[in-house]
Each structure stands twice: as structure tokens, then as C-alpha cells.
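Below: one structure, written as C-alpha cells.
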Amino acid sequence: MNLILLGPPGAGKGTQARRLMEAHGIPQLSTGDMLRAAVAAGTELGKMAKEVMDRGDLVSDEIIVGMIAERIGEPDCANGFILDGFPRSEAQAAALDAMLAESGLALDHVIEMKAVAAALVERIAGRYTCADCGAGYHDRFQTPRVEGVCDDCGGATFERRADDSEATVRSRLAVYHDQTSPLLPYYRAKGVLREIDGMAGIDDVTAQLDAVLAGENQAGRND
Ligand code: ADP
Ligand code: AMP
């Protein structure tokens with residue numbers, strides 16, 4: 001099963017991709033996580049990407065496409081993958097199509113997580129993750145069961161992203177609107193777009209995703 005989770009920053013892509021990964025045993029491929037790993041490792045790519053990410057702009061298509069092409073070729077992707085944060089431009093979508101066609105693969109669903117811009121600023125401002133295992137939390141919407149202790153791994157160190165400031169969020173939302181939202185009609189025309197309400201509670205969004213994967217949600221289909 002090959003999926004794309006598409007939606008603005010803060011829509012809940014990472015939160016749901018992690019749940020899907022656990023439920024279906026297919027990996028979450030987050031280009032944002034890959035770039036943050038390069039930044040943390042201090043590689044040349046990381047140094048270049050950090051500047052772009054801190055501005056809220058997009059890293060070049062060439063770099064991102066190369067990263068994904070390599071990742072999709074790894075053995076754990078043999079039964080499928082969940083793309084989170086990729087593609088983000090028409091050039092990336094075209095490159096993905098070519099990559100999949102070359103390997104005889106196709107997209108099963110492109111799921112748009114619809115969300116209201118005003119709520120996204122609050123979602124992103126309150127976001128933090130476990131520094132040990134990457135589990136995601138929110139100051140208000142998703143707190144650990146025991147304060148200060150990660151539910152998943154018991155870790156006690158948490159971190160916030162450098163680009164989750166209010167100013168950067170606004171430019172990331174504008175970039176989504178200008179460069180990524182044109183992918184919605186692109187995938188709708190291909191008949192693979194499904195729409196879900198990303199403003200619902202976290203468990204409710206998971207249930208909507210399950211319905212899409214079970215073939216119960218045909219919204220946005222064009223075939
Ligand atoms: P994205 O990967 O799309 O940028 P995240 O999954 O990181 O978004 O979610 C952003 C923040 O909002 C996180 O702190 C997460 O805990 C929280 N969150 C995710 N989904 C929901 C939801 N449906 N309702 C409320 N908060 C949510
Ligand atoms: P994310 O973790 O998906 O919110 O991404 C964080 C930042 O990484 C973005 O604001 C971009 O600067 C960069 N980035 C992540 N994915 C992509 C992509 N597919 N194309 C270009 N830049 C990306």
C-alpha cells in the first residue's frame with residue numbers, strides 16, 4: 001500500500017503516519033524528519049537545509065527527490081510506504097510519478113487532511129516530540145499520560161523544532177498554499193485523492209483514515 005498524506009503544516013500528518021506505520025507495518029517516509037536528521041548530523045546537506053527550513057521555504061526539488069528515490073529503494077519499503085511531507089511541489093509530484101512508473105508501482109491513496117489555517121498556528125506552537133523515539137505531543141491536545149515521561153519509550157527528554165515559531169509558521173502556510181495545494185487538483189484528476197477532516201480529534205482522524213483504507217470513503221474519487 002503506497003500512500004501520501006497531504007496537508008498543511010500542523011494538519012496531523014506525522015501523528016497519523018506514525019499510527020498507520022504501527023497498524024500496517026509500512027514505514028513513514030518524512031522528508032522533514034530526514035532533513036532534520038541531516039541538520040543534527042551536521043552534514044553539508046544539513047547545513048544548507050537548515051537555512052532554508054528556518055525561513056520556512058522549500059529545500060530544492062533535486063535534493064528532496066534524490067533523498068526519496070534512495071529511501072523508496074530500501075527493503076523496508078517493499079510492501080509500501082506512507083509519504084509524509086512529500087511531494088510538496090508539482091515538480092516533486094512529477095518526479096514521484098516517474099519513479100513509481102519505473103518500478104511498476106502506483107499510489108493507492110492520496111489523502112488530503114483538511115485543516116483551518118487559524119488552528120494550525122496553535123497546533124504548531126504547542127508541538128513537541130520525545131528526543132529519544134520521536135513520539136509527538138502537544139501542550140494541550142496530546143499530553144503524555146505521565147507528565148514529563150514519553151508514553152512510547154519512557155524517555156524524559158523532549159524537544160521543539162527550530163522552525164515552529166509563529167513567524168515561520170505563517171510563511172510555511174503561505175508556501176503550502178502557493179506551491180503544494182496545486183497538487184490537490186493534480187491528484188483529484190488522477191482519481192486517487194480522498195479528503196478527510198483534519199480538524200477532528202486525533203482518534204477520530206485515525207478512524208477516518210481507516211475508513212479510507214477500507215475503501216469506505218470515496219470522496220474526491222474521479223473514476
Ligand atoms: P504535521 O506532521 O502535519 O505537521 P503533526 O502531526 O506534527 O502535524 O501535528 C502537529 C501538532 O498538532 C502536534 O503537536 C500534534 O500532537 C497535534 N495534533 C495532531 N493531530 C491533531 C488533532 N487531530 N487534533 C489536535 N491536535 C493534533
Ligand atoms: P515538515 O517536517 O514536513 O514540516 O518539513 C519541515 C521543513 O523541511 C519544511 O518547511 C521545508 O523547509 C523542508 N521540507 C520538508 N519536506 C520537503 C519537501 N518535500 N520539499 C521541500 N522542502 C521540504
Side-chain angles (χ1 to χ4, degrees), residues 4-21 28-40 45-46 48-69 71 82-96 111-117 119-130 134-144 150-152 158-165 167-176 178-180 183 196-209:
I4 297 178
L5 296 185
L6 196 58
K13 302 181 295 296
T15 302
Q16 298 298 333
R18 231 178 133 86
R19 289 184 168 199
L20 288 173
M21 176 171 73
Q28 166 196 18
L29 309 189
S30 157
T31 42
D33 284 350
M34 294 176 203
L35 292 169
R36 280 184 288 280
V39 171
L45 162 66
M48 184 282 303
K50 180 164 173 42
E51 228 177 89
V52 179
M53 292 165 83
D54 285 348
R55 282 201 308 269
D57 286 340
L58 294 186
V59 173
S60 84
D61 291 329
E62 202 188 338
I63 289 175
I64 297 286
V65 167
M67 237 166 51
I68 281 288
R71 186 66 188 86
I82 305 153
L83 291 169
D84 160 11
F86 174 89
R88 248 173 158 106
S89 65
E90 288 176 296
Q92 291 180 17
L96 175 64
I111 304 170
E112 180 193 4
M113 302 182 65
K114 287 178 160 300
V116 179
L120 296 174
V121 177
E122 186 186 8
R123 284 225 191 142
I124 292 174
R127 165 162 62 189
Y128 64 98
T129 53
C130 170
Y137 295 98
H138 189 279
D139 291 329
R140 273 189 58 204
F141 306 130
Q142 196 183 10
T143 53
C150 176
D151 294 346
D152 288 4
F158 296 89
E159 56 194 14
R160 288 179 193 263
R161 284 170 44 174
D163 62 344
D164 276 352
S165 67
T168 311
V169 170
R170 297 210 180 273
S171 57
R172 282 158 61 203
L173 289 173
V175 166
Y176 177 80
D178 295 344
Q179 299 192 52
T180 309
L183 299 186
I196 65 169
D197 175 16
M199 296 312 299
I202 295 177
D203 290 342
D204 186 318
V205 175
T206 304
Q208 294 180 59
L209 279 168

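For ligands, and for the atoms within them, numbers begin at 1 and follow the listed sequence. The chain is numbered in sequence order, starting from 1.
Of all heavy-atom pairs spanning Ile68 and Met34, the tightest one is CD1-CE, 4.1 Å.
From the protein, the heavy atom lying nearest to atom 18 (C) of ligand 2 is Arg88 CD, 3.4 Å. For atom 6 (C) of ligand 2, the closest non-hydrogen atom of the protein is Arg161 NH2, 3.4 Å. Annotation: atom 20 (N) of ligand 1 to nearest protein heavy atom, Ile202 CG1, 3.7 Å. Regarding atom 6 (O) of ligand 1, its nearest protein heavy-atom neighbour is Thr15 OG1, 2.6 Å. Here the heavy atom of the protein found nearest to atom 13 (C) of ligand 2 is Leu35 CD1, 3.4 Å. Of the protein's non-hydrogen atoms, the one nearest atom 22 (N) of ligand 2 is Val59 N, 3.1 Å. Distance from atom 16 (N) of ligand 2 to its nearest protein heavy atom, with residue and atom name: Thr31 OG1, 2.8 Å. Nearest protein neighbour of atom 16 (O) of ligand 1, counting heavy atoms only, is Gln142 OE1, 2.7 Å. Annotation: atom 8 (O) of ligand 1 to nearest protein heavy atom, Gly12 N, 3.2 Å. For atom 20 (N) of ligand 2, the nearest protein heavy atom (residue, atom name, distance) is Gln92 NE2, 2.9 Å. Protein heavy atom closest to atom 13 (C) of ligand 1, with residue, atom name and distance, is Tyr137 O, 3.8 Å.
Residue contacts with ligand 1 do not include Gly136, since none of its heavy atoms lies under 4.0 Å from the ligand. No heavy atom of Met34 sits closer than 4.0 Å to any atom of ligand 2. Heavy atoms of Gly198 approach ligand 1 to within less than 4.0 angstrom.
Scanning Arg140, Arg127, Gln208, Arg19 for the heavy atom closest to atom 7 (O) of ligand 1 points to Arg127. When the heavy atoms of Met113, Arg123, Lys13 are ranked by distance to atom 27 (C) of ligand 1, first place goes to Arg123.
For ligand 2, the atoms lying closer than 4.0 Å to a non-hydrogen atom of Gly32 are 2 (O), 5 (O), 15 (C), 16 (N). Near Gly14, meaning under 4.0 Å from any of its heavy atoms, are these atoms of ligand 1: 1 (P), 2 (O), 6 (O). Taking every non-hydrogen atom of Met53 and a distance limit under 4.0 Å, the qualifying atoms of ligand 2 come out as 7 (C), 8 (O), 12 (O), 13 (C). Remark: ligand 2 atoms within the under-4.0 Å shell around heavy atoms of Arg36 are 2 (O), 6 (C).
The shortest N or O to N or O distance between Ala200 and ligand 1 is below 3.5 Å.
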